[in-house]
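Heads up: the structure comes next, in structure tokens.
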Amino acid sequence: MANKLTKDAFEEMAKGLKAKKKPSKWIKIGTSTCGLAAGAEEVYNAMVEEIKKKGLDVEVKKCGCLGMCCVEPLVEVHVDGLPDVVYGKVDKEGAAKIVEKHICGGLLVKDHIYELNLKR
């Protein structure tokens with residue numbers, strides 16, 4: 001016999017999901033095979049180090065393929081109030097620039113933009 005979900009249990013679960021606030025700032029680094037070959041691990045480490053050094057509340061995570069192998073390492077950045085951006089050909093210096101300008105300053109790093117999502 002299958003367990004039935006009561007209305008009260010469902011509403012309690014829904015409250016819990018609503019209470020989980022999505023981070024207002026996050027960074028995803030593409031760490032598929034091509035990303036790793038292009039230096040994504042170093043970029044990830046640089047991002048984490050910069051975020052830690054500045055004491056920022058930013059979720060940094062690894063993800064799979066972001067779809068543009070020819071411009072790896074790819075970094076996707078989300079900051080509430082700004083368009084989501086995929087930066088390409090990012091190195092350690094570019095990672096520091098993205099944290100300083102985009103995350104801290106709210107400015108896009110134009111020389112690394114490969115995709116801009118204005119729909120957010």
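Remember, predicted model here, so these are calculated numbers, not experimental data.
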To the nearest 0.5 Å, atom CD of Glu72 lies from atom SG of Cys65 at 6.5 Å

Next on the checklist: Has Thr31 got a side-chain atom pairing as donor or acceptor with Cys63's backbone, closer than 3.5 angstrom?
Outcome noted: yes

Taking atom NZ of Lys61 as the centre, does the number of heavy atoms from other residues, nucleotides or ligands within less than 6.0 Å exceed 12?
-> yes

Checklist entry - Would a 4.5 Å heavy-atom cut-off, applied to side chains only, mark Leu56 and Lys25 as touching? => result no

Residues Cys69 and Cys34: closest non-hydrogen pair is SG-SG, 3.4 Å

Heavy atoms of Pro73 and Gly39 approach each other most closely as CG-C, 3.9 Å

When rounded to the nearest 0.5 Å, the distance separating CE of Met68 from NZ of Lys89 is 11.5 Å

_Taking the basic N atoms (NZ, or NE/NH1/NH2) and the acidic carboxylate oxygens, is any pair closer than 4.0 Å for Glu100 and Lys54?_
yes

According to a hydrophobic-cluster definition based on side-chain heavy atoms being under 4.5 Å apart (Ile, Leu, Val, Met, Phe, Trp, Tyr only), do Ile113 and Ile98 belong together?
yes

message = Let me check something: do Val90 and Ile103 share a hydrophobic cluster, defined by ILVMFWY side-chain heavy atoms less than 4.5 Å apart, either directly or through other members?
response = yes

- request: Check the hydrophobic clustering (I, L, V, M, F, W, Y; side-chain heavy atoms under 4.5 Å; chains of links allowed) and say if Val60 and Val85 are grouped together.
  value: yes

Could you see if Leu82 belongs to whatever hydrophobic cluster contains Val109? Use Ile, Leu, Val, Met, Phe, Trp, Tyr and a side-chain cutoff under 4.5 Å. yes

Hydrophobic cluster membership, Val71 vs Ile27, 4.5 Å side-chain cutoff: no

Within the side chain of Tyr87, is there an N or O that forms a donor-acceptor pair under 3.5 Å with the backbone of Val77? no

Correct closest heavy-atom pair for Lys92 and Glu42 would be CG-O, 4.0 Å

Any side-chain heavy-atom pair from Met47 and Ile29 closer than 4.5 angstrom?
yes

Subject >> Residues Glu50 and Lys53 bridged, charged N to O under 4.0 Å >> reply: yes

Across all chains, not counting sequence neighbours, the ring-ring contact (aromatic ring centres under 6.0 Å, His included) partners of Tyr44 are none

Between Leu66 and Gly30, the two heavy atoms sitting closest are CD1-N, 3.9 Å

Would you please classify the geometry between the Trp26 ring and the His78 ring as parallel, tilted or perpendicular, with 30° and 60° separating the classes? parallel

Got a salt bridge between Glu41 and Lys62, using NZ or NE/NH1/NH2 to carboxylate O under 4.0 Å? yes

